[in-house]
2 protein chains.
Amino acid sequence: MGLSGKVTVMDSGAGAETVLGGGIAAFCEGCEVRDLTLCAPLDDGELAKLCSILHSTHVDAGRIILEEEEPADYVFNVTGGCIRLFKLLPDGRRAITGFLFPGDFLGLTSRETYAYSAEALTPAMLCRFPRRKLEGLFEEMPKLERRLLGMASNELAAAQDQMVVLGRKAAGEKVASFLLLLSNRQVARHVDANPVIVPMSRADIADYLGLTTETVSRTFTQLKTKGWISLQAQGRVLIRDEEALRDLAEGV
Amino acid sequence: MGLSGKVTVMDSGAGAETVLGGGIAAFCEGCEVRDLTLCAPLDDGELAKLCSILHSTHVDAGRIILEEEEPADYVFNVTGGCIRLFKLLPDGRRAITGFLFPGDFLGLTSRETYAYSAEALTPAMLCRFPRRKLEGLFEEMPKLERRLLGMASNELAAAQDQMVVLGRKAAGEKVASFLLLLSNRQVARHVDANPVIVPMSRADIADYLGLTTETVSRTFTQLKTKGWISLQAQGRVLIRDEEALRDLAEGV
DNA sequence: CGGTTACTTGATGCATATCAAAGAGGGTGG
DNA sequence: CCACCCTCTTTGATATGCATCAAGTAACCG
């Protein structure tokens with residue numbers, strides 16, 4: 001135990017704090033991302049039932065939430081902060097397979113273990129569901145399963161887009177695609193499209209785009225020099241010429 | 001109409017032939033991939049109902065089955081042959097997002113349009129379902145929806161593996177990963193793991209791995225020179241040193 | 001058996017990686 | 001509140017793996 005990253009959210013010790021379970025929908029009333037999550041299609045009574053099996057949890061930045069190959073006993077809804085999903089090669093190379101934001105779902109797998117590791121990139125809030133209990137609710141609430149299928153389909157489409165980025169786009173196109181992706185996801189959660197909030201490091205972006213830290217940095221500089229973006233405080237990126245960025249991203 | 005690739009399987013004209021619909025499960029009796037497909041969890045009565053909405057179709061090699069951005073009115077089960085899924089950039093660059101084999105599912109999307117194009121790479125057999133009718137059966141047969149969620153989760157895991165390949169592996173590691181993937185998928189459909197049957201061209205493999213035709217070819221030659229594989233007739237690849245190939249693929 | 005397409009091999013170039021070091025934030029303790 | 005330190009970012013110089021361009025060879029199909 002202690003401060004090592006090996007302590008996950010499943011052990012309810014060491015810093016990750018459980019807030020609530022069991023009650024009625026009161027807790028979910030204030031949820032700002034309800035229309036994006038698993039819970040979107042449920043009425044108040046159904047929501048209460050779902051609430052009875054969830055634990056809302058805060059995780060500190062840098063904390064590991066779950067690890068590849070570990071038993072997939074829980075699934076999560078992200079309600080705040082940003083999470084990175086990644087896979088490691090034996091020699092330490094890292095591939096980030098996605099970033100999660102409020103409303104996103106975490107931990108879905110058809111196997112008995114997780115397919116990737118997940119780490120909080122900023123302080124984050126999660127709703128944690130025991131997987132078996134959630135599956136137990138499917139019969140009673142088929143809407144839940146339908147919703148999960150819809151979310152999985154969306155993730156699949158996003159994964160396919162990312163394969164195009166990784167396999168066939170040049171560095172500039174990759175970075176432009178990335179900025180527009182973040183911008184679009186802000187819109188989905190009712191945040192202004194511009195400026196783009198970039199909470200992740202250059203190294204994270206590099207591992208997501210199949211580049212190096214240096215190349216990502218150079219590419220930002222080039223976009224800035226062209227006047228298409230400007231870099232602001234706290235990792236904010238102002239898009240100054242969206243059309244140019246979009247053309248670049250699409251490979252026109 | 002005519003011979004242009006623009007004629008898809010949805011138009012039931014020009015070469016793609018509908019075999020049957022409507023009957024009882026008789027047609028499915030001989031299906032060799034029933035345990036892999038959507039139909040796996042269904043009993044005979046349920047299968048008959050599913051049969052009543054399906055059309056079994058043969059498609060010629062090279063024929064386009066569905067196109068990105070077109071209305072997603074049908075979904076398909078592949079029962080024979082090999083299909084490539086791809087996305088194009090405006091300047092003609094192509095990214096192949098996956099290859100489908102018997103037992104695989106095609107056309108799943110949460111949106112109203114397909115997320116990619118699909119083309120028969122060899123002569124192929126498909127079971128075609130009207131999407132709305134299939135969704136209509138979900139209430140009656142929740143097993144069907146459960147199965148679809150499982151298949152989508154599997155696809156998602158495969159997509160994440162592929163992101164690691166595309167983003168962080170070198171050419172040799174990519175090709176080794178690819179050969180082992182094909183081998184593993186043969187095992188899943190009860191085909192011997194070795195030799196690996198490679199029905200796709202070097203260009204297809206290149207577009208799947210984010211390489212060029214020439215690099216794929218050179219890499220095959222290198223693996224051959226090391227004695228790890230040998231190239232046989234009809235695109236068969238004999239794996240001679242699986243452990244070496246596996247270590248290479250995993251990046252050890 | 002000839003034509004066509006796919007594959008292989010070679011020579012060269014370039015985009016991005018790698019190695020290296022300086023500069024900018026951001027948080028902490030005095 | 002300021003100074004210091006640590007980490008992240010930026011920039012520069014060089015190296016290299018893969019792409020590109022080019023041509024020969026093998027496989028396949030009618």
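Proteins come first, then strands; the chains are lettered A, B, ... in the order of their sequence lines, and each starts at number 1.
Taking the charged nitrogens against the carboxylate oxygens, B:Asp204 and B:Arg94 do have a contact shorter than 4.0 Å, which makes a salt bridge.
The number of heavy atoms from other shown groups lying within 6.0 Å of CD (A:Gln232) is above 12. Within 6.0 Å of atom CZ in B:Arg93, more than 12 heavy atoms from other residues, nucleotides or ligands are found, so the atom counts as buried in its surroundings.
Mapping A:Gln234 and A:Ala170 onto DNA chain C by nearest heavy atom places A:Ala170 closer to the 5' end of the strand. Heavy-atom nearest nucleotides on DNA chain D were determined for B:Gly235 and for B:Ala171, and the one closer to the 5' end corresponds to B:Ala171.
When heavy atoms are screened at a 4.0 angstrom cut-off, A:Ala233 is found touching no nucleic acid atom at all.
Both tests do not hold together for A:Arg185 against A:Phe101: distance to the six-membered ring centre under 6.0 Å, angle to the ring axis within 45°.
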Distances for protein N or O near nucleotides 7-12 of chain D N or O, under 3.5 Å:
| residue | atom | partner | partner atom | Å |
| --- | --- | --- | --- | --- |
| D:dT9 | OP1 | A:Arg202 | N | 3.4 |
| D:dT9 | OP2 | A:Arg202 | N | 3.0 |
| D:dT10 | OP1 | A:Arg202 | NH2 | 3.3 |
| D:dT10 | OP2 | A:Arg202 | NE | 2.7 |
| D:dT10 | OP2 | A:Ser217 | OG | 2.8 |
| D:dT10 | O5' | A:Ser217 | OG | 3.1 |
| D:dT11 | OP2 | A:Thr221 | OG1 | 2.6 |
| D:dG12 | N7 | A:Arg218 | NH1 | 2.9 |
| D:dG12 | O6 | A:Arg218 | NH2 | 3.1 |

Yes or no on side-chain contact (heavy atoms from CB on, under 4.5 Å) for B:Phe105 and B:Thr37, after CA distance, side-chain angles and deciding distance? CA-CA 7 Å; B:Phe105 195 77; B:Thr37 66; over 6 Å; no
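Once you apply a 4.0 Å limit to the heavy atoms of chain B, the touched nucleotides of DNA chain C run 5' to 3' over C:dC7 to C:dA11.
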Tell me which donor-acceptor pairs under 3.5 Å the side chains of residues 210-220 of chain B have, and how far apart each pair is, sequence neighbours excluded?
| residue | atom | partner | partner atom | Å |
| --- | --- | --- | --- | --- |
| B:Thr212 | OG1 | B:Thr215 | N | 3.3 |
| B:Thr212 | OG1 | B:Thr215 | OG1 | 3.1 |
| B:Thr219 | OG1 | B:Thr215 | O | 2.6 |

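Separating the CG atom of B:Asp207 from the C1' atom of D:dA19 is a distance of 14 Å, rounded to the nearest angstrom. Note: CZ (B:Arg93) to P (D:dA19) measures 13 Å, nearest angstrom.
For the atom pair CZ (A:Phe178) and CD (A:Gln162), the distance works out to 9.0 Å, reported to the nearest 0.5 Å.
B:Phe86 and B:Tyr116 have their aromatic ring centers separated by at least 6.0 angstrom.
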